[in-house]
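Computed over heavy atoms, backbone and side chain alike; hydrogens, waters and symmetry mates excluded. All figures in this text were calculated on a predicted structure; none of them were measured in a lab. First the proteins, then the strands, lettered A, B, ... as listed; each starts at 1.
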Amino acid sequence: MPELPEVETIKLGLSKKIINKKITDIVVYNKKSFQGNKSDVLQQRVIDVERRAKILRIILENSHSLLFHLKMTGQLIYIDRNKRVAGGHPSHDWHDKLPNKHTRVQFTFDNGAGLFFNDLRKFGWCKVMNQEEVEKSFGLFGPEPFSNDFNLKYLLDKAKRYPARTIKQFLMDQTVVAGIGNIYNDEALFLSKIYPKTKVSKLTSHEWQKIITNVRKVLTKGIKYGGTTDSDYVDADGKSGGMQNHLNVYHKTGEKCQSGCGGIIERIVIGGRGTYFCPNCQKEKI
DNA sequence: CGACGGGCCTGACAGC
DNA sequence: TGCTGTCAGGCCCGTC
């Protein structure tokens with residue numbers, strides 16, 4: 001599931017490839033996957049590529065934007081079929097295989113390259129928005145985890161508003177903090193040694209401080225390793241990430257805790273979401 | 001073959 | 001009444 005590090009990785013890859021290129025064609029294979037007017041996008045040059053929360057934004061010269069939410073199974077793969085690279089093309093595996101049956105929207109650029117929006121589950125979307133609409137929708141998100149606005153005072157304040165929530169649900173809420181999903185949530189709580197069902201009203205300032213530090217730590221590590229590939233996630237070159245080899249708890253039910261504490265990782269459900277933790281390191285508050 | 005998962009939105013509902 | 005917070009259900013389809 002693409003979370004902040006995965007979308008950031010795609011952004012870094014895509015910006016190297018599509019800035020200054022003009023979109024010359026759009027093919028929509030699944031109507032619900034593309035919302036808005038093609039005419040606002042066609043023949044427009046890409047000015048920049050950004051990320052806000054888990055949303056990827058391609059900014060065009062006419063100030064319209066293409067926004068993508070990949071939800072769980074979305075992919076954005078860029079392929080330049082004209083490019084010949086010694087030793088093989090980085091996206092060689094995908095080269096002659098796109099579009100495939102999961103391709104929902106296909107963009108073509110003025111250099112002949114293609115950008116393929118694939119999405120097995122069809123939960124993801126691509127929306128065309130003008131400047132005002134983008135600002136409005138981005139304004140609904142909480143602070144970015146790396147911004148100064150994500151601080152102790154802010155969190156204590158928010159926690160007061162939602163005292164009954166568990167810390168797991170609290171961090172998943174995109175209006176509280178933007179970009180955290182199931183994987184990095186569990187990993188950050190593990191590093192913070194906090195039981196995921198702990199009510200936010202019970203957390204101390206020291207614990208909140210640990211949460212801030214460790215949220216940033218796991219997201220930074222995720223970006224460093226190019227994201228987590230659990231099932232479908234690939235970067236803009238179609239390559240898998242590497243962070244799945246550096247996780248402590250996510251999808252590790254029954255395995256020994258990496259800390260060496262002797263605990264066995266457990267899975268519970270919080271707010272309908274699978275949650276992984278070490279019952280030894282992350283003790284329930286009594 | 002049916003159950004399941006999962007981010008996010010919507011609508012229903014509870015509480016003050 | 002009206003606002004706010006919480007929760008269940010729906011969207012999908014490959015995997016188990």
- Query: Picking from B/dG6, C/dT6, B/dC8, which would you name as closest to the side chain of A/Tyr162?
  - Reply: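 Nearest to the side-chain atoms of A/Tyr162, counting from C-beta on, is C/dT6.
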- Message: Can you identify which nucleotide, out of C/dC12, C/dT6, B/dG7, has its nearest atom closest to the A/Ala164 side chain?
- Response: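 Between C/dC12, C/dT6, B/dG7, the one nearest the side chain of A/Ala164 would be C/dT6.
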- Message: Could you check whether A/Glu3 and A/Tyr233, counting side-chain N and O atoms only, form a donor-acceptor pair closer than 3.5 Å?
- Response: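 Per modelled atom types, A/Tyr233 and A/Glu3 side chains form no pair under 3.5 Å.
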- Query: Can you tell me if A/Asn111 and A/Lys22 form a side-chain donor-acceptor pair at under 3.5 Å?
  - Reply: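 The criterion, which ignores hydrogens and geometry beyond distance, is not satisfied for A/Lys22 and A/Asn111.
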- Axial bend angle, the helix from B/dG2-C/dC16 to B/dC16-C/dG2: five-pair end segments, nearest 10°: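 Taking the rotation axis at each end, their angle is 50°.
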Taking only side-chain nitrogens and oxygens of [X], does any of them come within less than 4.0 Å of OP1 or OP2 of [N]?
{"X": "A/Lys71", "N": "C/dC12", "answer": "no"}
{"X": "A/His69", "N": "B/dC8", "answer": "yes"}
{"X": "A/Lys122", "N": "C/dC13", "answer": "yes"}
{"X": "A/Arg273", "N": "C/dA8", "answer": "no"}
{"X": "A/Arg161", "N": "C/dG5", "answer": "yes"}

For [X], answer base if it contacts any base atom (sugar-phosphate contacts may also be present), sugar-phosphate if it contacts only those atoms, and nothing otherwise; contact means non-hydrogen atoms under 4.0 Å.
{"X": "A/Gly272", "result": "nothing"}
{"X": "A/Asn182", "result": "sugar-phosphate"}
{"X": "A/Met72", "result": "base"}

Is there any protein nitrogen or oxygen under 3.5 Å from a nitrogen or oxygen in nucleotides 13-16 of chain B, and what are the pairs?
none

- Message: Taking the six-membered ring of A/Tyr162 as reference, does the cationic atom of A/Arg165 (NZ for Lys, CZ for Arg) lie under 6.0 Å from its centre and within 45° of its axis?
- Response: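 Relative to the ring axis of A/Tyr162, which defines the angle, A/Arg165 lies inside both limits.
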Starting at [atom1] of [X] and ending at [atom2] of [N], how long is that distance when rounded to a whole Å?
{"X": "A/Met1", "N": "B/dG5", "atom1": "CE", "atom2": "P", "result": "12 Å"}
{"X": "A/Asp230", "N": "C/dG14", "atom1": "CG", "atom2": "P", "result": "17 Å"}
{"X": "A/Ile55", "N": "B/dC9", "atom1": "CD1", "atom2": "C1'", "result": "13 Å"}
{"X": "A/Asp232", "N": "C/dC12", "atom1": "CG", "atom2": "P", "result": "17 Å"}
{"X": "A/Leu56", "N": "B/dG7", "atom1": "CG", "atom2": "P", "result": "19 Å"}
{"X": "A/Asp173", "N": "C/dC7", "atom1": "CG", "atom2": "P", "result": "12 Å"}
{"X": "A/Leu67", "N": "B/dC9", "atom1": "CG", "atom2": "P", "result": "13 Å"}
{"X": "A/Met172", "N": "B/dC9", "atom1": "CE", "atom2": "C1'", "result": "14 Å"}

- Task: Name the orientation class of the two ring planes belonging to A/Tyr276 and A/Tyr250 (parallel below 30°, tilted from 30 to 60°, perpendicular beyond 60°).
- Result: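 Perpendicular.
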- Using centres under 5.5 Å plus planes under 30 degrees as the test, is A/Phe123 stacked with C/dC11?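 Taking the rule of under 5.5 Å and under 30°, the ring of A/Phe123 does stack on C/dC11.
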- Name the residue closer to the 5' end of DNA chain B, choosing between A/Gln174 and A/Arg121 according to the nucleotide with the nearest heavy atom.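 Result: A/Arg121.
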- Message: Could you check whether A/Trp208 and A/Phe170 have their ring centres less than 6.0 Å apart?
- Response: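 Ring-ring flag for A/Phe170/A/Trp208: true, centres closer than 6.0 Å.
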- Task: Establish, yes or no, whether a centroid distance under 6.0 Å links the rings of A/Phe190 and A/Phe277.
- Result: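 Ring centres of A/Phe277 and A/Phe190 not closer than 6.0 Å.
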- Message: With salt bridge (Lys or Arg N to Asp or Glu O under 4.0 Å) as the criterion, how do A/Arg45 and A/Asp110 come out once you've worked through the C-alpha distance, each side chain's angles and the decisive distance to 0.1 Å?
- Response: CA-CA 9 Å; A/Arg45 223 167 264 285; A/Asp110 53 356; 3.6 Å; yes
- Task: Side-chain contact test, heavy atoms from C-beta onward, threshold under 4.5 Å: evaluate it for A/Leu203 versus A/Ile211 and give yes or no.
- Result: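 Yes, side chains in contact.
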- A/Asn245 atom CG: more than 12 heavy-atom contacts under 6.0 Å: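 Enclosed: over 12 neighbouring heavy atoms sit under 6.0 Å from CG of A/Asn245.
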- Message: Does A/Lys158, at its NZ atom, have more than 12 non-hydrogen atoms belonging to other residues, nucleotides or ligands within less than 6.0 Å?
- Response: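 Atom NZ in A/Lys158 is crowded, with more than 12 foreign heavy atoms closer than 6.0 Å.
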